[in-house]
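Notes follow the structure.
Just so it is clear, the values below take in all heavy atoms, side chains as well, and ignore hydrogens, waters and symmetry mates. Both ligands and their constituent atoms are indexed starting at 1 by order of listing.
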Amino acid sequence: MFYTILLKSHSGLRWVLLASLILAMVKYYRAARGNRHVQRLVPYTLISMILMHIQVLLGLTMYYLSPKVIFAAESMKNSVHRFFLVEHIGLMIIAAIIITIGYSKTKNQVNTPYGAKKLLIYYFVAFILILSAIPWPFRGLGTAWI
Ligand code: HEM
């Protein structure tokens, strides 16, 4: 029961996180180009960073509950088990670190075109990593769209 709630929350929250990252990147892009109407970037940066951290916390809890995470050497021979044991967690932790570094490195320049450009680069790299690490249903990992 607890595991199902976690799994559904983790799965559904992916869409909110992806939407918030896209929205933030559109704002950074416009601000980087010097659009004067787009200046308050902090809320977009913070919201997507917090959502990412919540996903990491939900994921880490599930890492110890999921039947797909098996701590055994044989797991490396099975593509589903290897994906959840090392690939998904590894790439997602790297993406979370990149987002957090992006936030902290631009804290004092966030509302300038230069800061927006830096944020755009950090967030774009993390976004690509996240897209590549999501267990999309078409990858044959036994997952759902929601
Ligand atoms: C350290 C970070 C993370 C860990 C440890 C983690 C762990 C896991 C685990 C163990 C599962 C398998 C659950 C199961 O089917 O039993 C899972 C599934 C999933 N994770 Fe993560 N996760 C992390 C981050 C993320 C992030 C950032 C996203 C989204 C952007 C994400 C999206 C998903 C999705 C879509 C599923 C499939 C859910 C389904 O079966 O419908 N994960 N994750």
Side-chain angles (χ1 to χ4, degrees), residues 1-33 38-111 114-146:
M1 176 72 180
F2 177 61
Y3 163 72
T4 312
I5 294 172
L6 277 184
L7 180 62
K8 286 293 157 200
S9 314
H10 190 64
S11 184
L13 202 61
R14 110 187 76 172
W15 299 109
V16 188
L17 171 65
L18 291 177
S20 80
L21 285 170
I22 291 170
L23 186 65
M25 287 189 295
V26 170
K27 294 280 175 187
Y28 301 152
Y29 177 73
R30 295 174 66 190
R33 299 196 61 186
V38 185
Q39 284 183 338
R40 297 198 64 241
L41 298 176
V42 176
Y44 298 94
T45 311
L46 266 181
I47 287 172
S48 35
M49 190 177 70
I50 290 168
L51 286 171
M52 183 66 187
H53 286 181
I54 292 174
Q55 274 296 62
V56 170
L57 288 181
L58 290 176
L60 286 175
T61 314
M62 282 200 316
Y63 196 69
Y64 295 97
L65 301 175
S66 170
K68 290 179 185 160
V69 179
I70 298 163
F71 297 94
E74 291 78 52
S75 293
M76 300 310 275
K77 293 184 195 142
N78 177 308
S79 59
V80 175
H81 294 161
R82 187 180 59 238
F83 178 84
F84 286 106
L85 186 67
V86 285
E87 295 166 15
H88 185 61
I89 183 174
L91 289 173
M92 290 305 193
I93 285 178
I94 294 172
I97 291 172
I98 292 174
I99 285 180
T100 312
I101 292 177
Y103 170 73
S104 65
K105 289 256 180 199
T106 50
K107 243 183 191 167
N108 301 324
Q109 336 159 303
V110 67
N111 291 327
Y114 178 67
K117 195 173 166 186
K118 270 171 82 176
L119 270 173
L120 180 59
I121 295 169
Y122 279 108
Y123 271 53
F124 183 72
V125 173
F127 182 70
I128 298 297
L129 276 180
I130 291 168
L131 280 187
S132 70
I134 287 179
W136 298 107
F138 52 80
R139 294 182 67 172
L141 297 161
T143 56
W145 286 107
I146 294 182

Polar proximity ligand 1 side, Ala144 side, N/O cut 3.5 Å exclusive: yes
Residues Thr61 and His10: side-chain donor-acceptor under 3.5 angstrom: no
Heavy-atom side-chain proximity of Phe84 to Thr143 below 4.5 angstrom: yes
Which of the ligand 1 atoms, numbered from 1, are nearer than 4.0 Å to a heavy atom of Ile93: 1 (C)
From OH (Tyr44) to CG (Leu21), nearest 0.5 Å: 14.0 Å
Close approach, Lys8 and ligand 1, non-hydrogen under 4.0 angstrom: no
Nearest protein heavy atom with distance in Å, relative to atom 10 (C) of ligand 1: Val69 CG2, 3.6 Å
Atoms in ligand 1 flagged as close to Ile130, the criterion being non-hydrogen separation under 4.0 Å: 30 (C)
Ligand-side contact atoms (ligand 1) for residue partner Leu17, heavy atom cut-off under 4.0 Å: 30 (C)
Where ligand 1 meets Ser11 - atom numbers and elements under 4.0 angstrom, heavy-atom basis: 38 (C), 39 (C), 41 (O)
Test item: Ser11 side-chain N/O and Leu7 main-chain N/O as donor-acceptor pair under 3.5 Å: no
Partners meeting ring pair (Phe, Tyr, Trp, His ring centres under 6.0 Å) with Phe83 (sequence neighbours left out): His88
Atom indices of ligand 1 within 4.0 angstrom of Met52 heavy atoms, with elements: 27 (C)
Tally, protein N/O/S atoms nearer to atom 21 (Fe) of ligand 1 than 2.8 Å: 2
Closest heavy-atom pair and its distance - Ile146, Lys8: O-NZ, 3.1 Å
Whether Tyr28 and Tyr123 hold their rings parallel, tilted or perpendicular, with breakpoints at 30° and 60°: perpendicular
Contacting atoms of ligand 1, where contact means under 4.0 angstrom from a heavy atom of Leu7: 13 (C), 14 (C), 15 (O), 38 (C), 39 (C), 40 (O)
Atom 14 (C) of ligand 1: nearest protein contact (heavy atom, Å): Tyr3 OH, 3.0 Å
Gap separating the CG atom of Leu85 from the OG atom of Ser75, nearest 0.5 angstrom: 5.5 Å
Closest non-hydrogen atom pair between Tyr3 and Pro67, with its separation: OH-CD, 3.4 Å
Which residue and heavy atom of the protein sit nearest atom 15 (O) of ligand 1, plus the separation: Lys68 NZ, 3.2 Å
Mode of Leu13 contact toward ligand 1 - side chain, backbone, both, neither (heavy atoms, under 4.0 Å): neither
Residue pair Leu141 / Ser79: nearest heavy atoms and the distance that separates them: CD2-O, 4.3 Å
Shortest non-hydrogen contact from Ala116 toward Ala32: CB-N, 3.7 Å
Parallel, tilted or perpendicular: ring planes of Phe71 versus Tyr64, cut at 30 and 60 degrees: parallel
Region of Thr143 engaging ligand 1 - heavy atom pairs below 4.0 Å: both
